[in-house]
Amino acid sequence: MEKANLALVDDLSVGDWIRESLHPLVLFSDIPVTIGIVIPRGYESYVLVRHSGPGDRHGGLGDETLSRLVEILSKFTNTPDQCLHALWEGYGWMQEGSIGGILPSRHPKSNNFLRAIFQKSKLLRPIYGRIGMYATMRRIRSQVKSLGHAQSLTLPEGIMASKRFELPNRNYLLMSGSIEEATKVGWNFVRSFQRQSPNLLWPIDRKWILVTEIDFNVTLIGGSVELVKNIINSGQFTTQIFNVTDAIDGLPVVE
């Protein structure tokens, strides 16, 4: 696991333009809630990328999708080495406490017991041969580790004590670094490194912005028409054009 080369951002006003460009969220109104409550207006074109690739999940991108997007986005800014990375403050792996994982392992006694039962039946015998060893011969073990030093993993030292970048309904940890550093953030408490994609990512020249809202199953990108065409025509993603004035209910954000 490689530590991300990211630095704390002291001047949080670097993100004020986002807050000022979001549509207001008006509750209990007859006016439809638009997608502009989470991604700022002002870009030529907008596209959503569905979380349908390997490792993608609700509220986050997997290694492959994130790396491919970073590769494309890096070509559409004059400041790829100066980007702002924002992470929602509420992820469990960041917090003090413990985390449990599951590790599969064969259990010899259970294996012998079930083999005897399956082998006595002509009907069950072929089932055991095909799937028994994999579907039933596994024991779950929990692994508990302290998260007390979460900030010393892939994030900058002292990040959890830093002042939060605040947007309506969400607070974020704000860091700066090259666009490639977005692929190095995550945690490793069980066996393999778990990627944590940024919730907000934009270059200092604001040529584009990437937004992954924790409650959405899509990532939103605003930028130039050429950038959006490149994302769509790459053939690497499932995409859909949208406008910031579109109602959230009409978009596949939570499917």
Tell me, with the steps shown, if I35 and L251 meet side-chain contact (heavy atoms from CB on, under 4.5 Å).
CA-CA 8 Å; I35 197 66; L251 295 172; 3.9 Å; yes

Trace of the side-chain contact (heavy atoms from CB on, under 4.5 Å) decision for R170 with I214:
CA-CA 10 Å; R170 294 280 185 263; I214 62 171; 3.5 Å; yes

Judged by atom type as modelled, is there a donor-acceptor pair below 3.5 Å linking the side chain of N199 to the main-chain atoms of T212?
yes

One pair to check against side chain to side chain donor-acceptor pair (under 3.5 Å): S67 and T183. What are the steps and the verdict?
CA-CA 6 Å; S67 295; T183 65; 5.2 Å; no

Is there a side-chain contact between L200 and L167 (heavy atoms, below 4.5 Å)?
yes

Step through the shown structure and confirm whether more than 12 heavy atoms of other residues, nucleotides or ligands are within 6.0 Å of CD on E226.
no

Look only at the side chain of D205 and the backbone of N78, and say whether a donor-acceptor pair between them is shorter than 3.5 Å.
yes

Can you find a heavy atom in the side chain of T65 that is under 4.5 Å from one in the side chain of H51?
no

Backbone N or O of D81 within a donor-acceptor pair of the T79 side chain at under 3.5 Å?
no

Do you know which two heavy atoms are closest between V218 and R50, and how far apart they sit?
CG1-CA, 4.0 Å

Verdict with supporting geometry, V253 and N217, side-chain contact (heavy atoms from CB on, under 4.5 Å)
CA-CA 5 Å; V253 296; N217 202 31; over 6 Å; no

What closest approach, in Å, do P168 and R19 show between heavy atoms, and which atom pair accounts for it?
CD-CG, 4.5 Å

Heavy atoms, side chains only, cut-off 4.5 Å: are L155 and L87 in contact?
yes

Hydrophobic cluster mates of I221, side-chain heavy atoms under 4.5 angstrom, ILVMFWY only, any path?
V47, V49, L61, L66, L69, V70, I72, L73, F76, I179, L201, W208, L210, L227, V228, I231, I232, F237, I241

Lys/Arg-Asp/Glu bridge criterion (N-O < 4.0 Å) met for D11, K163:
no

Output for pair (Y172 OH, E166 CD), nearest 0.5 Å, gives 11.5 Å

Minimum heavy-atom distance between P40 and L22, given as atom pair plus value:
N-CD2, 3.6 Å

Kindly give the heavy-atom pair with the smallest separation between S178 and C83, and that separation in Å.
C-CB, 4.5 Å

Going by heavy atoms in the side chains, are L84 and I204 under 4.5 Å from each other?
yes

So L48 and T239, do their side chains get closer than 4.5 Å, heavy atoms only?
no

Spacing of CD1 belonging to I18 relative to CZ belonging to R41, to within rounding of 0.5 Å:
13.0 Å

Measure the CG-CG distance between L6 and L173 for me, rounded to the nearest 0.5 Å.
11.0 Å

Quick check: do F216 and V38 have side-chain heavy atoms less than 4.5 Å from each other?
yes

Evaluate the side-chain proximity of H23 to V244: yes if any heavy-atom separation is below 4.5 Å, no if none is.
yes

Restricting to side-chain hydrogen bond (donor to acceptor under 3.5 Å, both in side chains), what partner residues turn up for R164, sequence neighbours left out?
E89

Side chain to side chain donor-acceptor pair (under 3.5 Å) assessment of S176 paired with H85
CA-CA 6 Å; S176 63; H85 304 243; over 6 Å; no

Take L174 and V14 through the test side-chain contact (heavy atoms from CB on, under 4.5 Å) and record every step on the way to the result.
CA-CA 10 Å; L174 190 60; V14 70; 3.8 Å; yes

Closest approach of V185 and A4, non-hydrogen atoms and distance?
CG2-CB, 4.0 Å

Heavy-atom closest contact (M175 atom, V9 atom, distance)
C-CG2, 3.5 Å

Please check this pair: side chain of E44 against backbone of G223, looking for a donor-acceptor N/O pair closer than 3.5 Å.
no

Using the side-chain hydrogen bond (donor to acceptor under 3.5 Å, both in side chains) criterion, which residues pair with D63? Sequence neighbours excluded.
R195

Fit a plane to each ring of W17 and Y43, take the angle between them on a 0 to 90° scale, and name the class: parallel (under 30°), tilted (30 to 60°) or perpendicular (over 60°).
perpendicular

Main-chain N/O of N243 paired to D246 side chain as donor or acceptor, under 3.5 Å:
yes

Do Q240 and P252 make a side-chain contact, defined as non-hydrogen atoms from C-beta onward lying under 4.5 Å apart?
yes

Salt bridge flag under 4.0 Å for residues K184 and E181
yes

